[in-house]
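If you read the sequence from its start, that first residue is 1, and numbering goes on from there. We count ligands from 1, going down the list as the structure has it; atoms in each ligand are counted the same way.
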Amino acid sequence: MDKIHIIGGVPLKGAITISGAKNAALPLMAACLLTDETLTLSNVPYLADIVTMANLLAQHGVTLSFRPHAQGRSLALNASKIHNFTAPYDLVRTMRASVLVLGPLLARFGEAKVSLPGGCAIGTRPIDLHLKALEAMGAEIKLEDGYVHARAPHGLQGATIQFDKVSVGATENILMAAALAKGDTVIRNAAREPEVSDLAHCLVQMGVKIDGIGSDELRVSGVAQLHGAAHVVVADRIEAGSFAAAAAITGGDVELLGARADMMQATVAALTDAGVTVSETPRGLRVSTTGRLRGADLMTQPYPGFATDMQAQMMALLSVADGASMMTETIFENRYMHAPELTRMGANIVLHGASALIRGVPKLRGAEVMATDLRASVSLVIAALAAEGETVIHRVYHLDRGYERLEEKLAGCGARIERIWSRKPLQVEAA
Ligand code: EPZ
């Protein structure tokens, strides 16, 4: 397995281009199943999770052409020849977002067999909200052999769905199911994440009428058929927030090109509370720190609150702030696995259930550490960039799920970072 080697202590200076959002691109890719016309997505990030979703869709019968390095990195998807309605365990277990094919397959074909995703490193992450909502729309759902067997032989009916908990994935699955349901669907307590809104905007381009986009109440008028569309994937607010924390912890000055301040207000507020200077520029966001950082108290919340996907990154930053910080994780039950790794680098973090008390230390020290999940892995990169000495981060496949060309982007701002390939380098035959 690849490793990443970092020598800390260099203030990051320069500009980083923010990629398209992984958590928008994944549901947008699943939306291609709703029509037999081509859906073209641009600004698609080239990530392991995108490849996994592409493989999942391909085994359903979707044809894809991905030009990851062309201008705009476009991905064209066509689901006119779907021959398989099963999302198999071996794919779903590697990426829980695979469950997002359930709503579209059921809505368009009246059947779907999707492996239960199982838990993951950060929590059990059930899909009960998805299933209950689909049943309210007339689906017959059976759980057997670790699979969801869903049928809607007469199609789905519009319904009023009241989520008792905010769920990004459930909101997205029901949005897509409602697009082809008979009649109107109202989704109450809907997730408001920008990635949900991006999906809704794309569905509107595909011919669906949706009111309330960006609010917690979405009203969808189902149509008999959707047409193709061309859609630009929204910028990744979590990638931008991650690089903002990296710039801040190193005492750097970095412009995040394409970052959307309007989608990052809670992250900007958290950084500002910690003493970071963040300003909007015509090209995105500029992040710099001159003096010491100061402790801040943060609690993760559904959007527009402080994002759980930024919790690990802010913990790394606050571990070298003056004073103490209290972090409370309200979304997932086990999302502190980065804490013991940061502690190995000299951080002073005490966990109390959903809360973490972070007492700032003057400096972190480089160490051998292990990535455990996507955002935990980037928090170790952030800490290593500021730590004294060398850090080696193991199991960086976690990182590759959500960060495109991370080493290149950071090295471009002066970071001393390299990837140590575990695979044998290509043997080039002597000419
Ligand atoms: C999405 O996951 C994101 N993934 C996650 O990002 C993100 O952390 C999460 O939303 C919260 O913002 C993608 O968009 C691909 P949820 P999702 O359904 O949809 C519980 C990353 O790092 N719940 O909003 O799976 C669930 O257990 C990833 O990029 C139920 O109880 O999250 C959790 O506690 C990690 N029943 C809470 O709701 C359900 O049926 C929020 O989960 C569904 C969810």
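The Lys22 neighbourhood of ligand 1 comprises atoms 21 (C), 29 (O), with distances under 4.0 Å to a heavy atom of that residue. Those atoms of ligand 1 that come under 4.0 Å of a heavy atom in His130, given as number and element, are 40 (O). Counting atoms of ligand 1 from 1 in the listed order, those under 4.0 Å from a heavy atom of Gly169 are 18 (O), 19 (O). Listed by atom number, the atoms of ligand 1 under 4.0 Å from Arg96 heavy atoms are 25 (O).
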* **From CA spacing to verdict: side-chain contact (heavy atoms from CB on, under 4.5 Å), Met310, Ile238** => CA-CA 7 Å; Met310 276 299 303; Ile238 305 299; 4.1 Å; yes
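Regarding atom 2 (O) of ligand 1, its nearest protein heavy-atom neighbour is Arg125 NH2, 3.3 Å. The nearest heavy-atom contact from the protein to atom 36 (N) of ligand 1 is Asp128 OD1, 2.7 Å. The nearest protein atom to atom 18 (O) of ligand 1, hydrogens excluded, is given as Ser167 OG, 2.7 Å; this is a heavy-atom distance. Closest to atom 38 (O) of ligand 1, if we only count protein heavy atoms, is Lys165 CD, 3.4 Å. The nearest heavy-atom contact from the protein to atom 41 (C) of ligand 1 is Ile331 CG2, 3.7 Å. Remark: minimum distance from atom 31 (O) of ligand 1 to any protein heavy atom is reached at Pro126 CG, 3.4 Å. When hydrogens are left out, the protein atom nearest atom 3 (C) of ligand 1 is Asn23 ND2, 3.7 Å; that is the closest non-hydrogen contact. Counting protein heavy atoms only, atom 8 (O) of ligand 1 is closest to Asp309 OD1, 2.6 Å.
The option with the heavy atom closest to atom 35 (C) of ligand 1, from among Met53, Arg375, Arg335, Glu329, is Arg335.
Between Thr308 and ligand 1, no pair of N/O atoms sits closer than 3.5 Å. Considering backbone and side-chain atoms alike, Glu172 places every N or O at 3.5 Å or more from each N or O of ligand 1. At a 3.5 angstrom cut-off on N or O pairs, Phe332 does not count as close to ligand 1. Taking only nitrogen or oxygen atoms, main chain and side chain alike, Leu129 reaches within less than 3.5 Å of ligand 1. Between Val168 and ligand 1, at least one N/O pair is under 3.5 Å apart.
A donor-acceptor contact closer than 3.5 angstrom links the side chains of Arg67 and Ser74. Between Thr372 and Glu341, the side chains place no donor N or O within less than 3.5 Å of an acceptor N or O (distance only, hydrogens not considered). If you check the side chains of His5 and Glu418, you find a donor sitting under 3.5 Å from an acceptor. In the model, Arg237 has no side-chain atom that pairs as donor or acceptor with a side-chain atom of Thr267 under 3.5 Å. For the residue pair Thr328 and Ser355, a side-chain donor N or O sits within less than 3.5 Å of a side-chain acceptor on the partner. Of the N and O atoms on the side chains of Ser19 and Glu404, at least one donor lies less than 3.5 Å from an acceptor on the other residue.
Using a cut-off of 4.0 Å between Lys/Arg side-chain N and Asp/Glu carboxylate O, Asp373 and Arg375 are scored as not salt-bridged.
Taking 4.0 Å as the cut-off, Glu333 does not count as a neighbour of ligand 1 on heavy-atom distance.
With Thr171 as the fixed residue, the side chain to side chain contact (heavy atoms under 4.5 Å, CB included) test singles out one of Leu199, Leu218, Val166, Leu129: Leu218.
For Tyr147, the OH atom is densely surrounded, since the number of other residues' heavy atoms within 6.0 Å is greater than 12. The environment of Arg359 atom CZ is sparse: at most 12 non-hydrogen atoms of other residues, nucleotides or ligands sit within 6.0 angstrom.
The side-chain hydrogen bond (donor to acceptor under 3.5 Å, both in side chains) check on Ser221 picks up Asp184, with sequence neighbours excluded.
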